[in-house]
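Just below is one structure, and these are the notes that go with it.
Proteins come first, then strands; the chains are lettered A, B, ... in the order of their sequence lines, and each starts at number 1.
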Amino acid sequence: MSTLELMADSFLKILLPGIRMTIPLTIIAFSIALVIALLVAMIQYAHVKVLSEICRFYIWVVRGTPLLVQLYVVFFGLPDLGIIIDPFPAAVIVFSINEGAYCAETIRGAMEAVPKGQMEAGYCVGLNYWQIMFKVVLPQAFRSAFPALSNSLISMTKDTSLAANITVVEMMMATNRIIARVYRPLPLYIEVGIIYLIISTALTALQRAGEKRLRRYEEAEVKIHAGV
Amino acid sequence: MLECKGITKSFGALEVLKGVDISVHKGDVVTILGPSGSGKTTLIRCMNFLERADAGTITFDGVTYDFASIGKKEIAMLRKKTAFVFQEFNLFLNMTAIQNVMVGLTTARKVPKEEAAKRARAALERVGLGDRADFYPGQLSGGQKQRVAIARAIATDPEIIFFDEPTSALDPELTGDVLAVMRSLAADGMTMLVVTHEMSFARQVSSHCIFMEGGVIVEEGTPEQIFEHPVSQRTATFLKL
Ligand SMILES: Nc1ncnc2c1ncn2[C@@H]1O[C@H](COP(=O)(O)OP(=O)(O)OP(=O)(O)O)[C@@H](O)[C@H]1O
Ligand SMILES: [Mg+2]
């Protein structure tokens, strides 16, 4: 089989696991990660006693250990304790927890960058803490955290290839299986790389569009200052 | 209407307020003058609980609270009867002008949306910015931002508005519009407590002037007394500058 024929023949065999596993894994894990991150960031922002210590510990552990080790601990390690989790849910758990820690730091940083006067003005117009949080601080923090969060999403999409190590049949695993059969690693690894590249490019385009939407009012400001 | 007694406040070892008494009657425009660092900002921030005073009492509409022991609920209740205009405007950056004015009505006071919009529009008209309702703070000049902040303050019908140097962050040519709005509020009988360096405003508009230095009130009285016949040498020196 010629190289091109091989690549054409394998295309769907790699893409389908991507659609069945890589994309759902990314979407589900990243959504859960955002919820975790939001909770952790809000706890830390408010300096809630004990809980914020726990959050600090969580972030310290997750950021200080390799993702691959975390996957192994959950998938190969926990069965020792009688906790057996299927590959896909195990991957969802690990990626959510891992990404949650990084996104928590991003969101907390963005919340802390909201000027203190916004909070004070909120109190002065009669809002309570939660109202200020949801109407003022978080919308502004989300706006400034959006580019970094999008980057995290794109990195995570690529990192899901590590799930192959715990037997999730995502694109990397699918590619490896074909290679084991035909023994033509170079074109097939390049092919899976190209598919990742297409997905990343699509996400980057979405990110651009999102950033543009969020920046609408700042652009208007620039126009006014330029006297247009 | 509003009376504070014996306010003290320290930041660490620095004693910023050393026992300040201040009272504001309904319809008064009280201005606070004084050199930089004398504690003016700290004083009005304490009066609206943005800083926690170490000691002293506040009497609002006949009810007295102790700064040291007042609870969150009472603070929230008192804040709903007051408004605060900041030197740096502090408009909500993610909201348009009208949303800035409305949020205190809809979210904080549960005023129905349509009525809130009507009142917010009226408040914006009042400060001459009816045509800027849908602009974001980033699209407004400093003077316009401060007028939106004043609209936000008056929209909730507060019993008193605190102003902390409302024109100090503005280019000189933009202070006029803001001062004009404040004059017109004063003429309408709005109760205001104003920290300012605008001497002519203090002189012409206030019903009562307070001169502060080093965390104490050095002298107070009518603008004529303070500006024409100050008793204290310090007041005289400051006003001559
Ligand atoms: N949060 C704070 N922490 C520590 N010190 C503070 C704080 N806020 C104010 N101070 C100090 O308290 C003193 C009084 O400050 P304040 O802002 O009340 O003065 P002011 O009269 O408003 O001055 P200005 O005219 O410059 O605005 C200053 O020495 C200032 O450095
Ligand atoms: Mg000040």
More than 12 heavy atoms of other residues, nucleotides or ligands under 6.0 Å from [atom1] of [X]: yes or no?
X: Arg56(A); atom1: CZ; value: no
X: Lys5(B); atom1: NZ; value: no
X: Arg109(B); atom1: CZ; value: yes
X: Lys113(B); atom1: NZ; value: no
X: Phe57(A); atom1: CZ; value: no
X: Glu114(B); atom1: CD; value: no
X: Arg208(A); atom1: CZ; value: no

With a 4.5 angstrom heavy-atom cut-off, which part of [X] approaches chain A: side chain, backbone, both or neither?
X: Phe86(B); answer: side chain
X: Met77(B); answer: neither
X: Val103(B); answer: both
X: Arg152(B); answer: side chain
X: Thr82(B); answer: backbone
X: Leu91(B); answer: backbone

With the side chain counted from C-beta on, respond yes when Thr107(B) and Leu127(A) share a heavy-atom pair under 4.5 Å apart, and no when they do not. yes
Contacts of Phe201(B) that satisfy ring pair (Phe, Tyr, Trp, His ring centres under 6.0 Å) - sequence neighbours left out: none
Between [atom1] on residue [X] and [atom2] on residue [Y], distance to nearest 0.5 Å:
X: Cys124(A); Y: Phe162(B); atom1: SG; atom2: CZ; value: 9.0 Å
X: Phe92(B); Y: Met119(A); atom1: CZ; atom2: CE; value: 10.5 Å
X: Asn48(B); Y: Tyr123(A); atom1: CG; atom2: OH; value: 12.5 Å
X: Gln140(A); Y: Met95(B); atom1: CD; atom2: CE; value: 8.0 Å

Choice from Arg45(B), Glu88(B), Gln99(B) maximising heavy atom contacts with chain A below 4.5 Å: Arg45(B)
Are the side chain of [X] and the backbone of [Y] linked by a donor-acceptor contact shorter than 3.5 Å?
X: Gln118(A); Y: Leu93(B); answer: yes
X: Gln131(A); Y: Ala108(B); answer: no
X: Asn94(B); Y: Lys135(A); answer: yes

Where along residues 160-171 of chain A does a heavy atom come under 4.5 Å of chain B, listed by residue number?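 Those residues of residues 160-171 of chain A which would need a heavy atom under 4.5 Å from chain B do not exist here.
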